[in-house]
Colleague: 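Quick one: this structure, given as structure tokens, is what I'll be asking you about.
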Amino acid sequence: LTEVLTGFNIAKAGYSKLMPVQKYSIPIILAGRDLMACAQTGSGKTVAFLLPVVANMMKDGVTGSSYKEQQEPECIIVAPTRELVNQIFMEARKFLYGTCIRPVVIYGGTQTDHSIYQVMQGCNILCATPGRLLDIIRREKIGLCKVKYLVLDEADRMLDMGFGLDMRKLVSYPTMPPKDERQTLMFSATFPEEVQRLASQFLKPDYLFVVVGHMGGACSDVQQHILQVAQCSKRDKLIEVLQSTGNLSLLLVVFQGRQNFLDREQREREIALQDFRSGKCPVLVATSVAARGLDIENVQHVVNFDLPSTIEEYVHRIGRTGRCGNTGKAVSFFDSNSDVYKFTFLIILEMNRKSWLLELCLSIKVSFAVYIQSNATETCLSCKCVPYLSHASSKCSVFLKLILDLLGLDSYTVSLRAVFVLICSVKNYSEREDVCECTQRI
Ligand SMILES: Nc1ncnc2c1ncn2[C@@H]1O[C@H](COP(=O)(O)OP(=O)(O)OP(=O)(O)O)[C@@H](O)[C@H]1O
């Protein structure tokens with residue numbers, strides 16, 4: 001490892017020691033094993049795959065590639081967004097400085113001719129978004145027969161419905177070496193179980209799965225807050241948050257909709273990101289898609305203007321801050337009218353992962369059921385929920401506290417109604433969802 005560390009411009013990149021995910025992944029990759037690695041956002045996963053791949057290529061005596069109509073790279077790295085592949089490419093360039101290995105980046109939204117020109121100049125490591133990659137392969141500018149390393153960054157996103165089909169196409173190209181003849185590496189901060197099952201189809205049967213820290217968990221260096229804000233007041237609240245942010249920090253606002261950063265022309269996207277990185281424009285508005293993987297120094301705040309729809313999305317969004325040992329703050333706006341089910345959904349998703357929590361929830365449900373039965377005569381005529389609400393209230397707060405602890409939330413302003421709906425939505429208890437206005441009295 002020392003040899004690897006000194007040999008590849010590590011010091012120039014400013015890295016004096018390995019981060020945990022790097023410490024565990026690098027020897028596995030150097031040993032030629034397939035790998036699925038899960039570590040929290042901002043923990044240095046890019047270096048964890050770049051460094052050993054480059055080291056192996058050097059050890060194998062890779063020859064620098066020169067101008068050719070069709071290039072045959074030894075390594076292909078795919079990631080979901082243009083900004084992210086570019087970021088990986090820039091990191092690769094740092095390590096490759098002074099070596100004969102030539103990295104190239106290609107992505108949609110730019111002239112295809114420009115990508116072809118870049119590729120034809122020589123290409124050992126290709127960083128690409130899936131659409132542009134398949135396009136260039138179809139045009140026979142990239143041959144796959146020499147691919148020894150296939151890396152999927154943000155692998156859970158690369159295998160989900162959006163990109164999964166493209167990934168299948170890529171690995172089933174007749175010229176693509178089969179999985180036992182290439183090394184496949186997958187990295188992400190989140191790996192839902194269904195994606196883990198899918199991923200194993202791409203990896204050799206003896207692949208290793210490295211999990212650093214709490215599997216799929218939010219970054220522990222991010223202080224998380226949930227603020228109850230009515231939809232109509234979100235704008236004012238955002239201004240308040242902006243005003244409370246120091247001059248030197250950058251703030252990322254994440255929306256659920258589509259009108260944002262992503263709808264701009266590629267050139268405008270690059271300028272917006274550059275202005276944000278440099279601090280010229282200290283606020284960037286983006287969607288979850290754009291927020292994944294971006295590594296920008298000094299982002300101290302993330303505001304979830306709208307709640308995300310999945311725990312994974314939440315983890316990636318807030319992971320734009322608190323990177324690489326720094327601390328950060330994430331504020332999520334929660335509208336108790338429109339977001340109540342979404343929040344419940346998020347918590348239930350998390351519960352499904354933690355069977356003990358589900359059991360706890362079910363036991364609370366049982367105690368509710370017993371209580372209702374023994375107090376049947378006292379039930380409210382309209383919705384039958386009033387008599388046990390005060391009892392429910394204390395259970396709810398204990399329960400809410402547990403869930404928030406589990407999610408790592410330090411402080412919160414969450415409507416108890418959300419929790420009540422949550423408890424009512426647990427299997428076999430859905431009939432209590434009609435809690436109506438009585439819940440206001442909790
Ligand atoms: N060994 C190291 N020492 C110091 N800094 C490092 C080291 N390795 C990586 N970094 C820095 O840590 C930051 C985060 O790294 P990176 O973007 O790879 O995180 P990540 O785990 O891929 O995050 P995400 O899951 O959000 O994509 C980068 O700025 C990178 O330059």
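Note that these values count all heavy atoms, side chains included, but never hydrogens, waters or copies made by symmetry. Quick caveat, the model's predicted, so the values are computed rather than measured. First listed ligand is number 1; within each ligand, the first listed atom is number 1.
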Colleague: Students often mix this up, so state it plainly: with edges at 30° and 60°, are the rings of Phe49 and Phe187 parallel, tilted or perpendicular?
Modeller: tilted
Colleague: One residue to check: Cys324. Relative to ligand 1, which of side chain, backbone, both or neither has a non-hydrogen atom less than 4.0 Å away?
Modeller: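 Within the 4.0 Å criterion, Cys324 contacts ligand 1 through side-chain atoms alone.
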Colleague: Taking Thr321 for the side chain and Val302 for the main chain, is one N or O donor matched with an acceptor at less than 3.5 Å?
Modeller: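 Between the backbone of Val302 and the side chain of Thr321 there is no qualifying donor-acceptor contact (under 3.5 Å).
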Colleague: Determine, for Arg292 against Asp156, whether the closest basic-nitrogen to carboxylate-oxygen distance falls under 4.0 angstrom.
Modeller: yes
Colleague: Does Lys148, at its NZ atom, have more than 12 non-hydrogen atoms belonging to other residues, nucleotides or ligands within less than 6.0 Å?
Modeller: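 No.
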Colleague: Should one rank Val47, Ile296, Asp295 by closest heavy-atom distance to atom 28 (C) of ligand 1, which comes out on top?
Modeller: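 When every heavy atom of Val47, Ile296, Asp295 is considered, Asp295 comes closest to atom 28 (C) of ligand 1.
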Colleague: Are more than 12 heavy atoms from other residues, nucleotides or ligands located less than 6.0 Å from atom CZ of Phe209?
Modeller: yes
Colleague: Please determine, by modelled atom types, if Glu74 and Asn124 share a side-chain donor-acceptor pair under 3.5 angstrom.
Modeller: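 Glu74 vs Asn124: donor-acceptor pair found between side chains.
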Colleague: Look at atom 4 (C) of ligand 1 and find which of Phe49, Phe187, Tyr15 reaches it with the closest heavy atom.
Modeller: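 Ranked by closest heavy atom to atom 4 (C) of ligand 1, first place is Tyr15.
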Colleague: Would you check whether Ser16 has a nitrogen or oxygen atom less than 3.5 angstrom from a nitrogen or oxygen atom of ligand 1?
Modeller: no
Colleague: Taking only heavy atoms of Arg323 into account, list the atoms of ligand 1 that are under 4.0 Å away from them.
Modeller: 14 (C), 16 (P), 17 (O), 19 (O), 20 (P), 23 (O), 24 (P), 26 (O)
Colleague: Under 4.0 Å from ligand 1, counting heavy atoms only, is it the side chain of Arg292, its backbone, both or neither?
Modeller: neither
Colleague: Is there at least one pair of N or O atoms, one from Gly44 and one from ligand 1, spaced under 3.5 Å apart?
Modeller: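 N/O-N/O distance below 3.5 Å exists for this pair.
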Colleague: What are the atoms of ligand 1, with element, lying closer than 4.0 Å to any heavy atom of Glu154?
Modeller: 27 (O)
Colleague: Relative to ligand 1, is Arg320 under 4.0 angstrom through side chain, backbone, both or neither, heavy atoms considered?
Modeller: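 It is the side chain that gets close, since no backbone atom is under 4.0 Å.
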Colleague: Please could you name the atoms of ligand 1 that Thr46 approaches to less than 4.0 Å, counting only its heavy atoms?
Modeller: 16 (P), 17 (O), 18 (O), 22 (O)
Colleague: Distance from Arg182 atom CZ to Tyr149 atom OH, nearest 0.5 Å?
Modeller: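 These two atoms lie 13.5 Å from each other.
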Colleague: Can you name the atoms of ligand 1, numbered from 1 with element, that are less than 4.0 Å from a heavy atom of Ser43?
Modeller: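 Listed by number with element: 19 (O), 20 (P), 21 (O).
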Colleague: Which atoms of ligand 1 are found less than 4.0 Å from any heavy atom of Gly293?
Modeller: 27 (O)
Colleague: Checking contacts here: is it the side chain or the backbone of Lys17 that comes within 4.0 Å of ligand 1, counting heavy atoms only? Could be both or neither.
Modeller: backbone
Colleague: Measuring only between side-chain heavy atoms, which start at C-beta, is Lys234 closer than 4.5 Å to Leu238?
Modeller: no
Colleague: State, without any angle test, whether Arg323 and Thr41 hold a side-chain donor-acceptor pair at a distance under 3.5 Å.
Modeller: no
Colleague: Using distance alone, decide if ligand 1 has a nitrogen or oxygen within less than 3.5 Å of any nitrogen or oxygen in Lys45.
Modeller: yes
